[in-house]
Amino acid sequence: MSEINKKAALEAILFAMGESVELKKLAETIEEDVQETRKLLEEIQKDYKSGKHGIELLELEDSYQFVTKPDYYDVLLKIAKTPKKMNLTDTVIETLSIIAYKQPITRLEIENIRGVSCDHAVNKLLEYELIEELGRKDAPGRPLLFGTTEQFLRSFGVKSLKDLPEMNTLQIEEFKQQAEQEVQLTLKI
């Protein structure tokens, strides 16, 4: 790598990581010795201090991290306090419904009910803080268990899970059949 590329590589690494990275690790990554890497980082620090940037390169012991300049905290807080706009697709809502009514539940159990992968939907629900990890199931592989959060209750205007709408009898029968199938599968294992 040329020197300009190494500087750019350091910026890219530190920006993408979002947290502090040890000097030694940075040096290994750009295939440079620690002294030369420190020199490049000092140049980056100088560039960001002298320019009109909202961020700066902070040194923490032998680690470096991009951080917001203190002058811009107020502006940052305005955007950080803005609630995330949730984009709840039918798939995400269906997955959330299954979790709400059958919690605690594993990914595999959700996928067995839906018949398709639920990774994207579960990740979105975790991102929106509508569900959370509740622990691990006492089963082979110790899969994660998911359940709804207080944010879920606030978002949907219910005080407790008991206030969720009743499922119709057909849905209850389907859930019972699925539960029986799960028990049979567990017994076979």
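The shortest heavy-atom contact between F152 and A100 is CZ-CB, 3.9 Å. Smallest separation of non-hydrogen atoms from T106 and P143: CG2-CG, 3.8 Å.
Note that OH of Y101 and CG of L96 are 10.0 Å apart. Values are rounded to the nearest 0.5 Å. Atom CD of residue E127 and atom CG of residue L125 lie 9.5 Å apart, to the nearest 0.5 angstrom. Between atom NZ of residue K102 and atom CD of residue E109 there is a gap of 7.0 Å, rounded to the nearest 0.5 Å. Summarising the geometry, atom CZ belonging to F146 is positioned 13.5 Å from atom CD1 belonging to I98; distances are rounded to the nearest 0.5 Å. If you take CG on L10 and CZ on F66, they are separated by 9.0 Å, rounding to the nearest 0.5 Å.
A 4.5 Å side-chain heavy-atom check between K124 and N87 finds every atom pair outside the cut-off. Side-chain contact between T68 and V75 is absent, with no heavy-atom pair separated by less than 4.5 Å. In this structure, T91 and H120 have side chains that are not in contact, with every pair of non-hydrogen atoms separated by 4.5 Å or more. Proximity of I110 to E94: side-chain heavy atoms (C-beta onward) are nowhere separated by under 4.5 Å. When side chains are defined from C-beta on, Y128 counts as touching L88, because their heavy atoms get closer than 4.5 Å.
The environment of D138 atom CG is sparse: at most 12 non-hydrogen atoms of other residues, nucleotides or ligands sit within 6.0 angstrom.
Contacts of K25 classified as side-chain contact (heavy atoms from CB on, under 4.5 Å), with partners at least two apart in sequence or in another chain: V21, E22, E28, T29. Residues that satisfy the side-chain contact (heavy atoms from CB on, under 4.5 Å) test with Q45, not counting sequence neighbours, are E42, L57, E59, Y64. For E61, there are no salt bridge (charged side-chain N to carboxylate O under 4.0 Å, His left out) partners at least two apart in sequence or on another chain. Checked against salt bridge (charged side-chain N to carboxylate O under 4.0 Å, His left out), R136 has no partners two or more places apart in sequence or in another chain. Remark: S155 engages Q151 in a side-chain hydrogen bond (donor to acceptor under 3.5 Å, both in side chains) (not counting sequence neighbours). Taking E133 as the reference, nothing meets the salt bridge (charged side-chain N to carboxylate O under 4.0 Å, His left out) condition, with sequence neighbours excluded. Annotation: side-chain contact (heavy atoms from CB on, under 4.5 Å) contacts of E32 (sequence neighbours excluded): K6, I30, E36, T37.
A distance-only check finds no donor-acceptor pair linking the side chain of T149 to the backbone of E132 [under 3.5 Å]. Panel note: side chain E56, backbone K69; no donor-acceptor pair is recorded below 3.5 Å. Between the side chain of Q103 and the main chain of T148, a donor-acceptor pair closer than 3.5 Å is present.
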In residues 157-165, what donor-acceptor pairs under 3.5 Å come from side-chain atoms, sequence neighbours left out?
{"from": "S160", "atom 1": "OG", "to": "K162", "atom 2": "N", "distance (Å)": "3.2"}
{"from": "D163", "atom 1": "OD2", "to": "K159", "atom 2": "N", "distance (Å)": "3.3"}
{"from": "D163", "atom 1": "OD2", "to": "S160", "atom 2": "N", "distance (Å)": "3.3"}

Inset, instruction - Please test D33 against K39 for salt bridge (Lys or Arg N to Asp or Glu O under 4.0 Å), starting from the C-alpha separation and ending with a verdict. - result: CA-CA 10 Å; D33 65 56; K39 181 181 166 195; over 6 Å; no
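Under the 4.5 angstrom side-chain criterion for Ile, Leu, Val, Met, Phe, Trp and Tyr, L108 has no cluster partners at all. As a member of the Ile/Leu/Val/Met/Phe/Trp/Tyr network built from side-chain separations under 4.5 Å, Y73 groups with nothing else and remains a singleton. Listed by chain and number, the hydrophobic cluster partners of V116 come to none, as no ILVMFWY side chain reaches under 4.5 Å of it.
Both I13 and L41 are assigned to one and the same hydrophobic cluster, defined by single-linkage of ILVMFWY side chains at heavy-atom distances under 4.5 Å. Two different hydrophobic clusters hold I113 and L145 under the rule that ILVMFWY side chains link at heavy-atom gaps under 4.5 Å. Hydrophobic clustering of Ile, Leu, Val, Met, Phe, Trp and Tyr side chains at less than 4.5 Å, counting indirect connections, unites M17 with L40. Using a 4.5 Å cut-off between side-chain heavy atoms of Ile, Leu, Val, Met, Phe, Trp and Tyr, with links allowed through other members, L58 and L14 fall into different hydrophobic clusters. In the hydrophobic clustering of this structure, V67 does not group with F15; members are Ile, Leu, Val, Met, Phe, Trp, Tyr whose side-chain heavy atoms approach within less than 4.5 Å, directly or through other members.
Residue R107 is tested with D119, N112, T95 for a side chain to side chain donor-acceptor pair (under 3.5 Å); the sole match is D119.
Contacts classified as side chain to side chain donor-acceptor pair (under 3.5 Å) and involving residues 8-20 (residues at least two apart or in different chains) are given here: E11-Y48.
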